Amino acid sequence: MEVTLLKGIKYKKQPYKAGESIEVDSKDIAEMVAKGVLPEDTEIPEIDEDKEPVETDINKMKVDELRDYAEKNSIDLGEAIKKDDILNAIKEAEAVANANTTA
């Protein structure tokens with residue numbers, strides 16, 4: 001879907017400036033609206049809930065992506081700043097969550 005940005009962002013490892021029109025994945029629209037990157041009246045396409053969830057490899061994420069992942073999954077990173085510390089915090093939180101759901 002083509003959209004016009006309200007403010008500059010980095011999307012798929014490419015920097016974009018406010019006012020630029022770019023092609024974005026439908027699944028990213030809602031998040032971009034929530035962050036104020038797109039206007040609030042942007043049409044948010046419905047996501048097919050029947051599709052299998054995409055497996056996320058957190059080991060390949062950058063620090064900002066890991067922080068976003070943690071925020072989306074309500075994971076407290078504590079004082080973790082470095083990538084390895086953030087990864088460990090996420091993995092520990094997910095291990096605890098998995099232990100609680102299988103216990």
Side-chain angles (χ1 to χ4, degrees):
M1 176 175 185
E2 187 169 324
V3 296
T4 302
L5 304 173
L6 292 178
K7 61 183 182 180
I9 62 163
K10 195 171 198 179
Y11 182 71
K12 294 192 175 184
K13 301 181 183 180
Q14 293 284 68
Y16 296 97
K17 296 179 182 178
E20 282 190 77
S21 292
I22 65 170
E23 191 69 29
V24 297
D25 295 336
S26 297
K27 63 180 177 52
D28 298 329
I29 302 288
E31 180 181 350
M32 293 172 88
V33 169
K35 290 183 175 183
V37 175
L38 299 177
E40 290 184 13
D41 62 351
T42 301
E43 184 178 332
I44 300 173
E46 289 188 34
I47 306 290
D48 186 359
E49 297 294 330
D50 294 332
K51 287 185 177 180
E52 289 291 315
V54 176
E55 191 64 36
T56 305
D57 185 355
I58 61 172
N59 295 305
K60 294 180 181 176
M61 291 183 180
K62 294 181 180 181
V63 171
D64 58 336
E65 294 170 321
L66 288 167
R67 287 193 178 116
D68 287 344
Y69 178 87
E71 184 178 332
K72 286 179 190 174
N73 291 285
S74 302
I75 297 172
D76 180 12
L77 296 177
E79 296 184 23
I81 296 172
K82 295 180 181 178
K83 181 177 179 175
D84 288 341
D85 296 335
I86 295 170
L87 269 172
N88 288 335
I90 291 171
K91 289 176 181 179
E92 287 176 21
E94 289 180 341
V96 169
N98 289 336
N100 289 339
T101 59
T102 57

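Fair warning: this is a prediction, and the values are worked out from it, not measured in the lab.
Remark: A70 engages I75, L77, I90 in a side chain to side chain contact (heavy atoms under 4.5 Å, CB included) (not counting sequence neighbours).
Residues Y11 and L6 do not share a hydrophobic cluster, defined by chaining ILVMFWY side chains whose heavy atoms lie under 4.5 Å apart. In terms of hydrophobic clustering, with Ile, Leu, Val, Met, Phe, Trp and Tyr side chains grouped at heavy-atom distances under 4.5 Å, I44 and L5 are assigned to a common cluster. When hydrophobic clusters are built by joining Ile, Leu, Val, Met, Phe, Trp and Tyr residues whose side-chain heavy atoms come closer than 4.5 Å, directly or via intermediates, Y16 is grouped together with I29.
The minimum heavy-atom distance linking K91 with I58 is given by the pair CG-CD1, 4.0 Å.
The salt bridge (charged side-chain N to carboxylate O under 4.0 Å, His left out) analysis of residues 1-24, with sequence neighbours excluded, yields the pairs K12-D25. Among residue pairs with one or both ends in residues 72-89, those qualifying as salt bridge (charged side-chain N to carboxylate O under 4.0 Å, His left out) are E31-K72; sequence neighbours excluded.
M61 has its side chain out of reach of I86: every pair of non-hydrogen atoms, C-beta onward, lies at least 4.5 Å apart.
Dense packing is recorded around CD of E65, with more than 12 heavy atoms of other residues, nucleotides or ligands lying under 6.0 Å away.
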Practice task
Could you please spell out the steps behind the side chain to side chain contact (heavy atoms under 4.5 Å, CB included) verdict for I9 and M32?
Solution key: CA-CA 9 Å; I9 62 163; M32 293 172 88; 3.3 Å; yes

